[in-house]
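Below is one structure; the comments refer to it alone.
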Amino acid sequence: MKTVYVLSWLACALITGNTAAQETTSGTVKDSVSNIKAVVINVKKPLIKNKIDGLVYNVQADPESQSKSLIEMMKKMPYITVDPNENVLFKGNTNFKILMNGKETQLLNTNAKEVLKSIPASSIQNIEIITNPSSKYDAEGVSGIINIITTKKMSDGYNASVNFGTRFPKQEQNMGFSMNIQHKKLGISAYGGGSLTNQPEIEYQNFQQTSSDNLRQKGRTSNKGNGGYFNTSISYEIDSLQLLNVQLGMNFSNSRSKDGLDSYFFQQNALAENNRSLNNSNSRGNGFEAAANYQIGFKNDKSQLLTLSYKFNTYDYHIMSSTDVQNLINTSSYTLDQTNDNDNSEHTFQVDFVKKIKNVSLETGVKAILRKNNSGYTSVPETLNNSDEFMNNQNIFGAYISTQFTLLSLNFQTGLRLEGTQTKVDFTSTNTSVNQNYLNLIPNISISKTWKDHHTVSFGFSQRIKRPGIIRLNPFVNQSNPYFQISGNPYLKSVINNDLMAGYSYNKKINLNLGLSYSFSNKVDLKVSTYDPDTHITKTTYGNSNKAGRLGLDYYLSYPVSKKFNLSLNGNAAVFFISGIVDDVFIKNNMFTYTLYLSANYQFEDHWRVGTNIEFMSRMPAGLQKATNAYTGLSFNISKSILDDQLSFSAYINNPFNTFRKAVTETNGGAFYQNDYVRDYYRSFGININYKFGKLKDQIKTTKRSISNTDLAN
């Protein structure tokens with residue numbers, strides 16, 4: 001008994017100091033225990049966890065997630081950059097897929113930028129950055145896959161968060177929510193949001209020079225819009241071996257824009273045409289999706305899972321524009337009215353089977369996507385001969401096998417995916433059709449090795465498919481600008497991309513990730529612009545006569561200088577090799593590029609946090625004939641959390657020293673040179689408010705496999 005007393009006294013002395021120990025000596029053990037203060041052990045979670053097919057960024061482990069939107073956080077993540085127009089790039093490429101909790105959602109296919117801006121990073125658990133997707137994923141998505149994880153281990157009870165953000169002088173307001181509820185065998189997860197935009201008038205200019213002519217255009221444009229989205233997932237555990245999951249989602253968007261344009265066309269330095277046009281455009285989109293997943297387990301083998309899945313989604317998009325054109329030289333005028341209706345629907349059926357055979361994890365499955373797209377467009381006056389009806393039916397049938405195993409202390413992930421595509425395009429008014437049927441066998445292999453729990457090296461090879469979507473296939477000719485015509489090409493074919501990659505990571509106090517990759521494609525469907533000297537019109541469409549390659553180094557470094565001060569660096573350096581034939585002329589657009597995003601943050605004692613971000617982006621290729629100018633950005637932010645970090649406020653200012661930025665795009669067309677720029681707002685202010693509440697105890701279950709159509713392309 002005396003021994004127990006002495007040990008108790010020593011424990012009290014170690015925890016509470018001499019005062020508690022003295023009290024224990026003169027009193028009882030019970031009295032001393034009452035004076036013991038709470039001991040909090042803070043274990044810092046690593047920001048990055050390596051996977052054989054990529055990595056996982058722990059958003060909740062990054063303190064900045066409490067005050068930033070998801071798209072702002074993405075600027076800090078390996079392999080990801082965000083351009084000045086807030087478009088997300090994956091290894092410098094716009095062709096990749098975004099999933100939400102492992103599932104493809106329609107709203108991220110149709111309006112990803114606005115959705116990512118409205119989601120608070122505090123509601124996100126992890127971001128999976130999949131650089132070498134396994135064969136279980138659809139073969140579409142050239143660069144890779146970004147999987148946004150919103151759910152975590154959740155228990156009986158609920159948790160929720162609401163957020164609000166605003167930015168000006170570009171007036172943007174967004175609000176959103178996320179919620180998780182668990183009651184016994186029933187679990188519900190939901191998220192949604194909405195946005196309002198009212199962007200003031202900005203200026204833009206176009207200048208085009210040919211051997212004998214030149215065109216100068218000065219314009220002003222403004223727009224207003226609103227949009228919203230809602231998605232929910234409901235899971236019910238029928239018994240220990242059966243799980244049913246249902247997902248529902250809907251979204252909408254509306255937009256109104258005004259555009260005034262003055263055009264001056266010179267021939268032999270003499271003013272030949274002077275037009276003034278005013279365009280009013282209205283667009284609206286509506287989408288709906290529903291899915292069901294039924295998972296079956298097996299008593300005799302817990303590693304076996306069979307999942308049956310079905311998904312339906314539809315999206316309708318309508319554009320109506322009216323353009324009044326006045327010729328100031330001969331005082332003639334006309335009005336051009338254009339309408340374009342797109343109706344898209346899709347049914348998906350899928351079966352997945354998972355089993356572990358000794359040390360080999362096996363996944364296999366089959367899938368069918370039945371897709372129907374209709375596009376009807378009309379123009380008035382009909383003398384422009386620009387009306388047609390476009391129907392595109394596409395069926396995709398796939399089967400895959402994927403394995404993971406360890407051999408000679410190396411981790412392997414390898415597999416094959418077979419996809420057959422049937423595409424039929426009909427132009428009913430011209431009684432013509434295009435049929436495309438092709439079969440692709442897509443290999444994948446990843447190899448990695450980890451030692452001392454801190455060092456990881458990886459190697460991989462994969463092929464991916466890029467199918468042309470309805471925007472690229474749609475032959476509708478946009479003639480809002482009388483000197484430029486833009487249309488799709490219904491005869492485009494799919495593109496195969498090859499990707500070789502190697503990586504190294506070190507994760508301890510310092511987080512370091514390096515990725516070296518080389519990707520290349522033939523017959524890429526890039527935009528091609530040609531100038532017609534007879535009509536003085538520049539026509540832009542898509543063609544398959546191009547080659548593209550990228551040799552790049554992607555890097556990421558996070559260094560905690562102290563417990564309160566942290567630095568991080570994210571970026572890439574790459575060489576693009578782009579070539580093609582335009583009007584029987586061979587053109588090259590090879591370019592060295594780089595991006596760099598430097599972030600510094602300091603945490604004060606009373607939950608105040610301040611930070612600054614500096615970003616650089618070099619001149620970038622924008623296809624075969626185009627390039628954009630360089631970009632430099634600077635921002636400052638401050639945030640405060642109260643109520644045990646449940647309620648947070650943040651404010652920021654971007655680019656405080658410059659009101660506007662001139663975004664320049666240069667086009668070298670062989671027979672012409674074109675310089676376009678937009679004088680857009682650069683300086684901006686904003687605030688964000690986020691509130692989290694609720695409590696959970698037991699984990700919500702969801703099916704291990706579900707439908708994720710990662711093949712869609714714009």
Side-chain angles (χ1 to χ4, degrees), residues 81-87 89 92-95 202-221 259 261-266 478 480-487 524-533 536-543 545-550 552 572-595 615-633 658 660-682:
T81 54
V82 181
D83 72 10
N85 296 318
E86 297 181 315
N87 297 306
L89 308 176
N93 199 314
T94 58
N95 186 254
I202 60 174
E203 298 177 359
Y204 66 93
Q205 290 190 18
N206 303 324
F207 171 77
Q208 187 181 79
Q209 178 71 53
T210 69
S211 58
S212 59
D213 310 329
N214 71 76
L215 172 68
R216 299 175 185 176
Q217 294 185 313
K218 295 181 179 180
R220 302 153 307 280
T221 184
D259 191 294
L261 182 66
D262 292 322
S263 302
Y264 306 87
F265 180 71
F266 295 84
N478 187 330
S480 302
N481 189 325
Y483 295 95
F484 296 90
Q485 295 182 0
I486 302 173
S487 66
V524 184
D525 54 342
L526 299 177
K527 282 184 178 180
V528 176
S529 297
T530 57
Y531 179 76
D532 188 340
H536 314 302
I537 293 175
T538 301
K539 297 181 180 180
T540 300
T541 186
Y542 297 87
S545 60
N546 310 283
K547 295 181 180 180
R550 177 186 184 266
N572 62 67
V575 180
F576 285 87
F577 307 94
I578 305 173
S579 62
I581 298 175
V582 180
D583 279 346
D584 298 323
V585 177
F586 181 74
I587 296 177
K588 292 194 301 182
N589 191 13
N590 299 340
M591 192 178 300
F592 172 76
T593 68
Y594 63 86
T595 64
E615 52 188 312
F616 303 92
M617 181 175 287
S618 71
R619 192 167 179 261
M620 289 285 178
L624 176 62
Q625 300 165 289
K626 297 178 181 289
T628 59
N629 64 330
Y631 163 79
T632 302
N658 301 91
F660 297 97
R661 173 183 180 262
K662 185 185 290 187
V664 180
T665 301
E666 294 181 298
T667 305
N668 288 288
F672 70 95
Y673 167 80
Q674 186 174 320
N675 182 296
D676 307 329
Y677 83 77
V678 178
R679 184 174 176 265
D680 204 351
Y681 282 94
Y682 197 44

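Between Phe660 and Tyr681, the ring centre distance stays below 6.0 Å.
Annotation: side chain of Tyr531 is in contact with side chain of Gln208 (closest heavy-atom distance under 4.5 Å). Using a 4.5 Å heavy-atom cutoff, the side chains of Leu89 and Val82 are not in contact. Taking 4.5 Å as the limit, some side-chain heavy atom of Tyr673 sits within range of a side-chain heavy atom of Asn668. A heavy-atom distance below 4.5 Å is not found between the side chains of Met620 and Asp83. Using a 4.5 Å heavy-atom threshold, the side chains of Asp262 and Arg220 count as touching. In this structure the side chain of Gln625 never reaches within 4.5 angstrom of the side chain of Thr540, judged on heavy atoms.
Put simply, CD1 on Ile486 and CG on Asn481 are 8.0 Å apart, with the number rounded to the nearest 0.5 Å. Residue Lys539 holds its NZ atom at 7.0 Å from OG1 of Thr530, rounded to the nearest 0.5 Å. With values rounded to the nearest 0.5 angstrom, Ile578 atom CD1 is found 7.5 Å from Asn590 atom CG.
Residues Met617 and Pro84 approach most closely at SD-CD, 3.9 Å, considering heavy atoms.
Both tests pass for Arg216 against the ring of Phe266: distance under 6.0 Å to the centre and angle within 45° of the axis.
Checked against Asn572 for a side-chain hydrogen bond (donor to acceptor under 3.5 Å, both in side chains), the options Thr81, Thr593, Thr595 give a single hit: Thr595.
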